[in-house]
Every structure is written in structure tokens, then in C-alpha cells.
Amino acid sequence: MILPKPKKLNIERYEGGLSKLNKIDNPIKLSANESALGPSPKAIQAFEKEKNIIFKYPESDSSSLRDVISKKFNINAERIICGAGSDQIFDLTCQLFIEPEDEVIVTEHGFIMHRIYASLYKAKVILAPEKNFKASVDEILKKVSDRTKIVFIANPNNPTGTYLTSSEMINLRQKLRNDILLVIDDAYYDFLDKKDFTSGLDLFKDEKNVLITRTFSKIYGLAGLRLGWGYSSKNIIDSMYQIKPPFNVNRAALSAGMEAIADNEWIEKAFQHNKLWSKKIFSVLNEYKIQTNEFTANFFLMHFNKTKKNSEEVFEKLIKKGIILRKMTQYKIPNALRLTIGDNKSNDCFIECIRSIFK
Ligand SMILES: Cc1ncc(COP(=O)(O)O)c(C=O)c1O
């Protein structure tokens, strides 16, 4: 019998962090850069209210949420598109732009979903080397060819936790050909409070050849609802609407998202929590010669080259205590683990375990 045959896919599969452990109930999951405090209570209330109307389709173009976003960031609502996670915006972008033989540039340890979507649409993915785990504008520019269609960059980047400064980003856009789309993934921008950093949206909201993505999965704590958005020229966004699935963002995500983005007090609380713990954890890591990035987001990439125990041993020891970190195998970063800043109890527990492992 000849059976239906899916086409051959030659693409890497996204490997999520572990979330369950065989012998331990309720492990401490610090492997997915989720929010430490969860969403604003107002977002939860909005989510609960929505349950009475889930038999109705959501808005097909997320217009209420786009209005709220447009007011908050002072941008044109017609240039915003919402998606089921910023993930869907990467998907739509690649679907819209990539033609056979096109090249997409990503950085050596850039966020993996960018390259996965690029290869899904059959682009040739070109890796630009990093310098000490930081993207390099020169190396990106060296990789540009006649076939380059898109350059993806997460700023700050996951999992390296490094960032390009405002002037480096401006330099990159200026030196790239005008017909190359620069996609800036702003997923962690809210955590980064440095004078030499500006978010992609603030830098490039008036440009026509930049697409910026934002997510509700990080500081807003709505990863489970899948909500994100993209911002670009009216022309690009209009074309995206043509290929977007009709009801791509669900009712609960839209309602909770509108409350989450408006609750500045909660956002500030989440920011302060992250800052406080990042400082504490950074100094503990330092004590044990675990090298890491300066604090830029809600995670640390920890290198174990100068420690007595390697990343594999540390990973296993933490697992025994019920703490799950993210291995860096898929990112091909040897002897390293990524740690998400968690809630008070999880962070205390992590610190206690690190002390006992390295004492
Ligand atoms: C750099 C970066 N961009 C985007 C995302 C995914 O966002 P979303 O949940 O909106 O798809 C992540 C999630 O870890 C990320 O690290």
C-alpha cells in the first residue's frame, strides 16, 4: 500500500527546556526564561472573565489590543500585527520574504527560532561569528551577499545575554543594503536598563526596512497564552495580514494582554525583582568563578571553564535537587548552562545548591 508521504524536511527541531522530572513533583523550572512573578493580577482577572464568551471567535485583526499598544508606544496601529507569540511573526516574516536561494543571516549563537523559520522556508542560513558571545556588526556585514534577504538579531540576545549598543545597531542598519530587511527581536528589552542601549522599536520606528518584534511571554508573564506582535512599514504589515491565519490570536490572550500591557505598576515590580536577584545571583556566581554575562535580561548564561565541576556535573547535581536549568547543546555552547531568574524561593534554592556544589 502506498501511503501519503509528507515532504522531506531538512530542518532543526526546537528543543525546549526540560519541565518535568521523573522522581520529583513540582520541580523548580529555571529553563525557559519565563516570568518570575507571573502576570499582572488584572490580566488574570481579564482571562477569567473571558471564559463566558469563548464560544465566540476573537477579533480577526486584534484591533483592540493594537490600539492599546499604539497608545502605549506612540506608534501607528496600522503598522502593528499581533501573533500567537512573536514566534508567529518570525514565521510570517520568513513566509512573506524568502524565495528559493535567498540567504538569511543570523548570529552564531542567535535565538534559534529565527534560523529554524528561515530554513523552513528554504533560505540558506548564514551564521555570522560572534566575538566573545556578542554579535559583531562587522562580521554580519562580511556575510552579506547579493542573495541576502533578511538579517535577524535579538537584542539583547538569548541565550548569550549580550547586546549591541544603540550606535552599533544604527551602524548596522546604515551599512546594510536598503533592500535587506533587518528584524530586531525586542523580547527582553524591558529588562535592560543601560545608557548605551535603545530598543529596536525606539531606534527604528520610522524606518521602512526594519521589522521589530515584541512578546508578552517575558516581563508580562503570558507565555502560556502565546501573544506577541510585530511592527514595520505599512506595506510590509499589510502583506503580512494577507497571509496571516484568520483568528490567530485567541480571546483570552487578547483580553489578558490588554491588561498586562497597561499595568505599569506590575511591570515595574517585575523589573525590580529581576534587577535585585540578578545582582545577588551575579555576585554568587562570581564568588565561585562561574563566568557569565552582565545582567541584561531575565537569565544568565553560565560558563564552567574555570570551575572544578563542569556544566554536565552541575546540571545533574541541580536536577537531583529538583532544579532544572537549560543545557546549551542545541546552541553548541560547550560547558555552559542557562539560568532563568525565578521567584524568591527558587532563587534562594538555586543559590543554596550552588554553594553546596562548589563549597
Ligand atoms: C529572543 C527571543 N525571542 C522570542 C522568544 C519567543 O517569544 P514568544 O513566546 O513570543 O514566541 C523568545 C523565547 O524564549 C526569545 O528568547
Side-chain angles (χ1 to χ4, degrees), residues 14 16-17 30-39 65 69 72-73 75 80-94 106-107 109-118 133-135 150-166 169 181-194 197-205 210-232 249 253 257 260-261 267 270-271 273-275 278 293-301 326 330-331 338-341:
Y14 180 74
L30 300 174
S31 59
N33 296 348
E34 290 152 337
S35 144
L37 303 184
L65 176 61
I69 295 173
K72 172 156 178 153
F73 298 108
I75 52 177
I80 302 170
I81 186 165
C82 295
S86 46
D87 214 46
Q88 190 170 42
I89 309 297
F90 310 141
D91 185 354
L92 293 173
T93 307
C94 291
V106 298
T107 59
H109 302 110
F111 181 52
I112 213 128
M113 287 315 299
H114 302 157
R115 71 184 75 168
I116 289 183
Y117 281 117
F133 297 102
K134 179 184 156 163
I150 306 176
V151 173
F152 272 104
I153 189 141
N155 205 34
N157 181 52
N158 166 30
T160 54
T162 53
Y163 67 99
L164 288 183
T165 62
S166 321
M169 285 303 267
L181 180 71
L182 176 61
V183 178
I184 304 171
D185 178 346
D186 270 356
Y188 298 93
Y189 89 95
D190 334 52
F191 295 107
L192 182 40
D193 183 22
K194 296 230 192 276
F197 171 81
T198 313
S199 74
L201 189 68
D202 287 325
L203 277 177
F204 297 117
K205 60 171 104 169
V210 178
L211 187 143
I212 295 121
T213 62
R214 295 243 167 138
T215 181
F216 282 73
S217 303
K218 304 301 166 187
I219 208 160
Y220 300 149
L222 294 177
L225 288 184
R226 313 303 303 124
L227 184 59
W229 52 282
Y231 185 82
S232 192
V249 180
I261 201 168
I267 297 169
F271 173 81
H273 172 91
N274 192 62
K275 187 172 170 181
S278 296
N293 51 287
E294 55 180 333
F295 122 71
T296 59
N298 66 341
F299 59 86
F300 283 118
L301 178 63
R326 183 64 154 267
Q330 191 173 26
Y331 280 98
R338 195 192 65 198
L339 162 79
T340 305
I341 310 293

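Only this structure's heavy atoms are used, side chains among them; waters, hydrogens and symmetry mates stay out. Because the structure is predicted, anything quoted here is derived from the model rather than measured.
With sequence neighbours left out, the side chain to side chain contact (heavy atoms under 4.5 Å, CB included) criterion links D190 to I219, Y220. Checked against salt bridge (charged side-chain N to carboxylate O under 4.0 Å, His left out), K194 has the following partners two or more places apart in sequence or in another chain: E294. For F73, the ring pair (Phe, Tyr, Trp, His ring centres under 6.0 Å) criterion is met by W229, not counting sequence neighbours. Partners of D186 under the salt bridge (charged side-chain N to carboxylate O under 4.0 Å, His left out) rule, at least two apart in sequence or in another chain, are R214. With sequence neighbours left out, A135 forms a side chain to side chain contact (heavy atoms under 4.5 Å, CB included) with T107, I153, L164. S278 pairs by the side chain to side chain contact (heavy atoms under 4.5 Å, CB included) definition with N274, F295, F300, I341, not counting sequence neighbours.
Of all non-hydrogen atoms in I69 and C82, the two that sit nearest each other are CD1-SG, 4.3 Å. Closest non-hydrogen pair, C94 versus A118, comes out as SG-N, 3.7 Å. Taking each heavy atom of P39 and L222 in turn, the nearest pair found is CB-CD2, 3.7 Å.
Relative orientation of the Y117 and F90 rings is tilted, given thresholds of 30° and 60° on the angle between their planes.
The aromatic ring centroids of Y331 and H109 lie 6.0 Å or more from each other.
With values rounded to the nearest 0.5 angstrom, H114 atom NE2 is found 6.0 Å from T213 atom OG1.
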